[in-house]
Engineer: 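The structure is given below, and queries will be raised subsequently.
Bear in mind that the values here come from a model prediction, so they are computed numbers and not experimental data. Along the sequence shown, residues carry numbers from 1.
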Amino acid sequence: MERLTAYVHGMVQGVGFRWWTRSRALELGLTGYAKNLADGRVLVVAEGPRPALDALLAQLRSGKTAGSVDLVVESFDQARGEYSGFSER
């Protein structure tokens, strides 16, 4: 199990992006959250198997998201197991 931390840049607030991300994450069986940041980015933290995390990352970059994504900056780490579902914060 791994943890994906992704900072999503672009027109991603006020357009249903967190809801869209939550839906994709739940379809992939991931846990974590999507949170608006004060600077206009969205922080996505997801935990699960690496193939599912890679699939979520690919969807974030697909051009088929709610809103418009310009850039995704990601890092991977060891899962901490602190989430039981996927939420919008």
Engineer: Output yes when a side-chain donor or acceptor of Glu88 lies under 3.5 Å from a complementary backbone atom of Thr21, and no otherwise.
Structural biologist: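 No; zero donor-acceptor contacts below 3.5 Å.
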Engineer: Do the side chains of Val69 and Leu60 get nearer than 4.5 Å, heavy atoms only?
Structural biologist: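 A side-chain contact is absent here, since even the closest heavy-atom pair is not under 4.5 Å.
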Engineer: Transitively linked via ILVMFWY side-chain contacts under 4.5 Å: Val72 with Leu37?
Structural biologist: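 Each belongs to a different hydrophobic cluster.
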Engineer: Less than 4.5 Å apart, any side-chain heavy atom of Phe86 and any of Val45?
Structural biologist: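 A side-chain contact is absent here, since even the closest heavy-atom pair is not under 4.5 Å.
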Engineer: Is it the case that the side chain of Glu47 and the backbone of Arg80 share a donor-acceptor pair, with hydrogens and angles ignored and the cut-off at 3.5 Å?
Structural biologist: yes
Engineer: Step through the shown structure and confirm whether more than 12 heavy atoms of other residues, nucleotides or ligands are within 6.0 Å of CZ on Arg24.
Structural biologist: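 Buried by this count: over 12 neighbours within 6.0 Å.
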Engineer: Specify the closest pair of heavy atoms between Val42 and Ala34, including all atoms of both residues, with the distance to one decimal.
Structural biologist: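 Here Val42 and Ala34 meet closest at CG1-CB, 4.3 Å.
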Engineer: Using every non-hydrogen atom in the two residues, find where Met11 and Val15 come nearest and quote the distance to one decimal.
Structural biologist: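 Heavy atoms only, the tightest pair is O-CG2, 3.7 Å.
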Engineer: Are side-chain heavy atoms of Leu43 and Tyr33 found at a separation under 4.5 Å?
Structural biologist: yes
Engineer: Return the minimal non-hydrogen interatomic distance between Leu53 and Arg3, and the atom names on each side.
Structural biologist: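 Taking every non-hydrogen atom into account, CD1-N, 4.0 Å.
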Engineer: Indicate yes or no: at least one non-hydrogen side-chain atom of Asp39 is less than 4.5 angstrom from one of Tyr7.
Structural biologist: no
Engineer: Using only atom types and a distance under 3.5 Å, with no angle test, would you say the side chain of Arg18 pairs donor to acceptor with the backbone of Arg89?
Structural biologist: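 Side chain of Arg18 to backbone of Arg89, a donor-acceptor pair under 3.5 Å: yes, one is there.
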Engineer: If hydrophobic clusters are built from ILVMFWY residues whose side chains come within less than 4.5 Å, do Tyr83 and Leu26 share one?
Structural biologist: no
Engineer: Do Thr5 and Asp77 come close enough that some side-chain heavy atom pair is under 4.5 Å?
Structural biologist: no
Engineer: Looking at Ala52 and Leu28, what are the two nearest heavy atoms and their distance?
Structural biologist: O-CD1, 3.6 Å
Engineer: For Leu30 versus Ala46, what's the shortest heavy-atom pair and its separation?
Structural biologist: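 That would be CD1-CB, 4.3 Å.
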Engineer: In Å, rounded to the nearest 0.5 Å, how long is the span from CG of Asp70 to CZ of Arg41?
Structural biologist: 13.0 Å
Engineer: In the structure I gave you, are the side-chain heavy atoms of Glu2 and Pro49 within less than 4.5 Å of one another anywhere?
Structural biologist: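 No, too far: nothing below the 4.5 Å cut-off.
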Engineer: Would you name the heavy atoms of Gln59 and Thr65 that are closest together and state the gap between them?
Structural biologist: O-CG2, 3.5 Å
Engineer: Could you check whether atom CD of Gln78 has more than 12 heavy atoms from other residues, nucleotides or ligands sitting under 6.0 Å from it?
Structural biologist: no
